[in-house]
Amino acid sequence: EVQLVESGGGLVQTGGSLTLSCVASGFPFDDYGIGWFRQVPGKEREAVSCIKDVENSRWYADPVKGRFFISSDNAKKTVFLKMNSLTPEDTAVYYCAASPPSKYSDWDPEPEEYDFWGQGTQVTVSS
């Protein structure tokens, strides 16, 4: 059974930091790209960052460049998203997702490229 389980969300003040974790199981982790997306009510899901560690590939959306950092522990099949200098505009449900080799793109990822999704974790940044 494929599973992606996010954790690490919560409530933080403007300027604070959080680290999200995504633990994967049930698929060949090293072969897949892992992405982080976020969504607020009434808006489309947007890509935040993605990684394919075996290809040394990382991508960040413009709004988070220089503030968010993605990393991977392949032995633990876990991807992390370190989020710094958070603002209220970062408030959203954050999802991790896995993209197979046939679909993965290391540039401007789209949700359609991802086959497996976690349940999401809420991040709320207070002003």
Side-chain angles (χ1 to χ4, degrees):
E1 179 188 6
V2 172
Q3 280 194 317
L4 292 164
V5 180
E6 304 100 332
S7 63
L11 174 64
V12 65
Q13 290 185 333
T14 295
S17 298
L18 285 173
T19 298
L20 306 183
S21 300
C22 172
V23 180
S25 61
F27 62 94
F29 182 81
D30 288 357
D31 293 340
Y32 277 59
I34 303 296
W36 285 98
F37 293 77
R38 65 187 182 186
Q39 190 169 26
V40 298
K43 292 191 176 181
E44 292 187 352
R45 193 167 294 190
E46 65 171 354
V48 174
S49 181
C50 62
I51 185 170
K52 192 167 185 180
D53 196 56
V54 293
E55 297 179 357
N56 198 28
S57 162
R58 288 160 177 78
W59 174 90
Y60 298 96
D62 285 344
V64 308
K65 278 181 182 175
R67 300 189 299 123
F68 289 14
F69 300 94
I70 194 168
S71 61
S72 177
D73 183 336
N74 290 358
K76 296 183 178 180
K77 299 184 179 181
T78 301
V79 172
F80 304 96
L81 185 69
K82 172 70 170 174
M83 306 186 296
N84 299 319
S85 302
L86 286 163
T87 74
E89 288 69 36
D90 296 315
T91 295
V93 177
Y94 283 71
Y95 299 89
C96 70
S99 177
S102 58
K103 293 184 180 180
Y104 180 73
S105 169
D106 61 1
W107 182 258
D108 197 13
E110 297 288 342
E112 296 75 25
E113 296 165 349
Y114 289 74
D115 287 353
F116 308 125
W117 291 83
Q119 80 288 351
T121 185
Q122 176 70 47
V123 172
T124 303
V125 185
S126 63
S127 57

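The environment of D108 atom CG is dense: over 12 non-hydrogen atoms of other residues, nucleotides or ligands sit within 6.0 angstrom.
Using a 4.5 Å cut-off between side-chain heavy atoms of Ile, Leu, Val, Met, Phe, Trp and Tyr, Y104 falls into a hydrophobic cluster with F37, V93, Y95, Y114, W117.
A side-chain N or O of Q122 and one of T124 form a donor-acceptor pair less than 3.5 Å apart.
What you find for D106 and C50 is that their closest heavy atoms are CA-SG, 4.4 Å. Across every non-hydrogen atom of D90 and Y94, the tightest pair is O-OH, 2.6 Å. Across all non-hydrogen atoms, the minimal contact from R67 to S85 is NH1-O, 2.9 Å. Among all heavy-atom pairs drawn from S127 and T14, the shortest one is CA-OG1, 3.5 Å.
For K82, there are no salt bridge (Lys or Arg N to Asp or Glu O under 4.0 Å) partners two or more places apart in sequence or in a different chain. Considering only residues two or more places apart in sequence or on other chains, E110 meets the salt bridge (Lys or Arg N to Asp or Glu O under 4.0 Å) condition with none of them.
A distance-only check finds no donor-acceptor pair linking the side chain of R45 to the backbone of R38 [under 3.5 Å]. Checked by atom type and distance alone, the side chain of K77 never pairs as donor or acceptor with a backbone atom of G26 at under 3.5 Å. Using modelled atom types, no side-chain atom of S49 and backbone atom of Y60 make a donor-acceptor pair closer than 3.5 Å. Put simply, the side chain of E6 gets close to the backbone of C96: a donor and an acceptor are under 3.5 Å apart. At least one donor-acceptor pair closer than 3.5 Å links the side chain of T91 to the backbone N or O of V125.
Of the residues listed (L11, L20, L81), the one engaging V123 in a side-chain contact (heavy atoms from CB on, under 4.5 Å) is L20, and it is the only one. The side-chain contact (heavy atoms from CB on, under 4.5 Å) test with F29 is passed by exactly one of V79, V23, T78: V79.
Between K103 and D115 a salt bridge is recorded (basic side-chain N to carboxylate O distance below 4.0 Å).
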